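Lettering follows sequence order; numbering is per chain, from 1. Just so you know, these numbers come straight off a predicted model, no measurement behind them.
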Number of protein chains: 2
Amino acid sequence: MSEIHRASTTAPVNIAVIKYWGKRDPKLNLPTNSSLSVTLSQSDLRTHTTASCSASYPPQDSLLLNGSSQDVSGARTQACFRELRALRKKMEDEDGSLPKLSSMPLKIVSENNFPTAAGLASSAAGFAALVRAIANLYELPASPTDLSRIARQGSGSACRSLFGGYVGWEQGSKEDGSDSVAFQVAPAEHWPGMRAIILVVSAAKKGVSSTTGMQTTVATSSLFPARASETVPRRMKEMQKAIQEKDFETFGKVTMMDSNSFHATCLDTYPPIFYLNDVSRAAIKTVESINTAAGKIIAAYTFDAGPNAVVYYLEENEKEVAGLFKAALEDKDGWSGKRGDAVQVNAVALEKANTVAGVAVGMLKEGVSRVILTGVGEGPVRTEESLIDEKGEPIS
Amino acid sequence: MSEIHRASTTAPVNIAVIKYWGKRDPKLNLPTNSSLSVTLSQSDLRTHTTASCSASYPPQDSLLLNGSSQDVSGARTQACFRELRALRKKMEDEDGSLPKLSSMPLKIVSENNFPTAAGLASSAAGFAALVRAIANLYELPASPTDLSRIARQGSGSACRSLFGGYVGWEQGSKEDGSDSVAFQVAPAEHWPGMRAIILVVSAAKKGVSSTTGMQTTVATSSLFPARASETVPRRMKEMQKAIQEKDFETFGKVTMMDSNSFHATCLDTYPPIFYLNDVSRAAIKTVESINTAAGKIIAAYTFDAGPNAVVYYLEENEKEVAGLFKAALEDKDGWSGKRGDAVQVNAVALEKANTVAGVAVGMLKEGVSRVILTGVGEGPVRTEESLIDEKGEPIS
């Protein structure tokens, strides 16, 4: 039996504070505007992926995600495989002593440590892990920047999950997309106190897919061009400065405004796209009441293409932010574990919020199904923990 | 006892299809963009107002609305009184034989024929009736255009209620607002088949007032300038053409897109303003399912500064549109009377809508408290029915 080559990595989820919405090239996943995100800690949310290859494998590439076989024939996955194989092939051509991994079938096994039902955008972590794992397998000398260029073709926002900390994605201007890559604005340790609480909203049904949605927005929204050409470029600068200066007020305000701007262009799409529901709005009102009580911005909401709220805050304000949510939502899943145990129930803050935003708090209790506590974290980490055994079989 | 002078009018509600949102001059109620509305029939929705004056009245001007005394000291009401008195004074100065009505206290009595609780913007009909009634009392030779200039200072959208049918409000460019007036795009009889069903949503609480809301949008929304300077001017032309040509598909599409654009700029306001809720969205989904079933646009939703849906449709499609809503909402108030009786319950269409938008239909049943059936109608009508008796007392 031929040798089984294996390499494993974990990769993080990222949640944007300047949103990616709109492609100027759908095939290459080239965006109409730059974006910026916070990479979240892999102790809370991560994809673990083992890539392997062997001449003895069945000829078709395969991908097993959380125990289910996935279709890898899609253009996006194929683009990632092709680019990574081409880099390996070049190495093999230059050094004849290297094993010819590029011509072997790939077998990939992936697992998420978070419930799929949570409706979290897992494709970013998924493609980042896939690309990083294969790059490890092929021993490519590729930098995170190089890999971000490849992962972007799998899923746009995946490119930002190749780095830890605070990460930008430069839209670029070249037709071939070679300058549309991720870059690190600051590592996690620059501003390590950034925390996030995710309020998972029990959605009745799945909304419009983001790929379809953003195409329709670009095609029909009359307000979208102003966002792409003026609003976001200005905010990218403001946000990078806020991160450099650890200025949470600006970070928070721009985060909230940009989330609203993104959802406004969705509403201005024809037919309109709604990702926010009454529970999402209740989360917004609750965050507003937290900031009003504090007399400054200490919490900032943001929403991706779905109703779940992500609320950023600094560790020093944990009691005022997470403590209030714990008081309101203590009976929901997600408060067990180290992070949840550390949060002090803040009944006083909840009482105050109830007087100004009681309807909103009631709506949250009704509509939030679980919380996830996390914070800023590192980029992909190589691991020796393999999801494929030495015979090439998935480990379950 | 001095003579009691009296004159009465009724005035209509109007619902915009190109929305007014944003003031370039808050004092004069000068808008940042033109707008366009349909005047609704006064058999269904109207304000009835009697204006009277007498030297024997107590010295303070007064206004009784639905039996409650109203504050008339506000700048807006005062502006209307002042302008109308000035026009009367000029006539009296030119013709010494005229009674000096301009120097007498005004007593005004007003009644709406629709429930205040319905949350319908009643200020448009209210100020239009107030201005028209006083103009009648003063026997001013003022045209509806002249009166629209005055009513605009009471409530912006009131200027459009001085005309029947399809009515535009030209934003104008002069600093004194003299060219910011209403004009008739087409009379009701040009396109008499236009109908509207209003789905009154039981809102938990009142949202942000439109005056405050629009100021905040102008100050904070980065997408708003594109709406005011590009989107609306283009749509004003498209809409006028659609009305001239009785082209419901274009009328409906532009109506829906403009409502969405307006609410998008509200969402892009900081802090964000939400007028649409999950029930409003359910109305949108239901209208989309009606249009999908028809294979063309036969129903068009629009939302003002609140969650109530107004759905425009043509009489010829009553069964497909109102008939579906009757099947879904037959147990709600508002189906009695001539218009409601005429609507055929369309159970087949409801069943079809249930299969594609069942959640939305369920949400409508839950959240709509009453319906109002109406259609395009005439402008203010002089009436001999007085709400003030010959002794100057309100008739209750």
>> Quick check on the interface: out of A:S221, A:P225, A:S261, A:A226, who has the most heavy-atom pairs with chain B under 4.5 Å?
In response: A:S261
> Is it true that a side-chain atom of B:R281 and a backbone atom of A:L276 form a donor plus acceptor pair closer than 3.5 Å?
Replying inline: yes
>> Between B:D278 and A:D278 (side chain of the first, backbone of the second, donor and acceptor by atom type, cut-off under 3.5 Å), is there such a pair?
In response: yes
> OG1/B:T231 to CG/A:D268 distance, rounded to the nearest 0.5 angstrom?
Replying inline: 7.0 Å
> Could you go step by step and tell me if B:M257 and A:S222 meet the side chain to side chain contact (heavy atoms under 4.5 Å, CB included) rule?
Replying inline: CA-CA 9 Å; B:M257 291 184 90; A:S222 72; over 6 Å; no
> How far apart are the closest heavy atoms of B:A264 and A:L267, and which atoms are they?
Replying inline: N-CD2, 3.7 Å
> Between A:R234, A:M256, A:K253, which shows the greatest number of heavy-atom pairs under 4.5 Å with chain B?
Replying inline: A:K253
>> Does A:K352 have more than 12 heavy atoms from other residues, nucleotides or ligands lying within 6.0 Å of its NZ?
In response: no
>> Just checking B:E249: does its CD atom have more than 12 heavy atoms from other residues, nucleotides or ligands closer to it than 6.0 angstrom?
In response: yes
> Would the number of heavy atoms belonging to other residues, nucleotides or ligands and lying under 6.0 Å from CD of A:E245 be above 12?
Replying inline: yes
> So, for B:T269 and A:N260, which heavy atoms are closest and what is the spacing to 0.1 Å?
Replying inline: O-ND2, 4.3 Å
> Measuring heavy-atom distances to chain B, does A:I284 have an atom under 4.5 Å in its side chain, in its backbone, in both, or in neither?
Replying inline: side chain
> Looking at B:K285, B:E288, B:H263, which hits side-chain contact (heavy atoms from CB on, under 4.5 Å) with A:P272?
Replying inline: B:E288
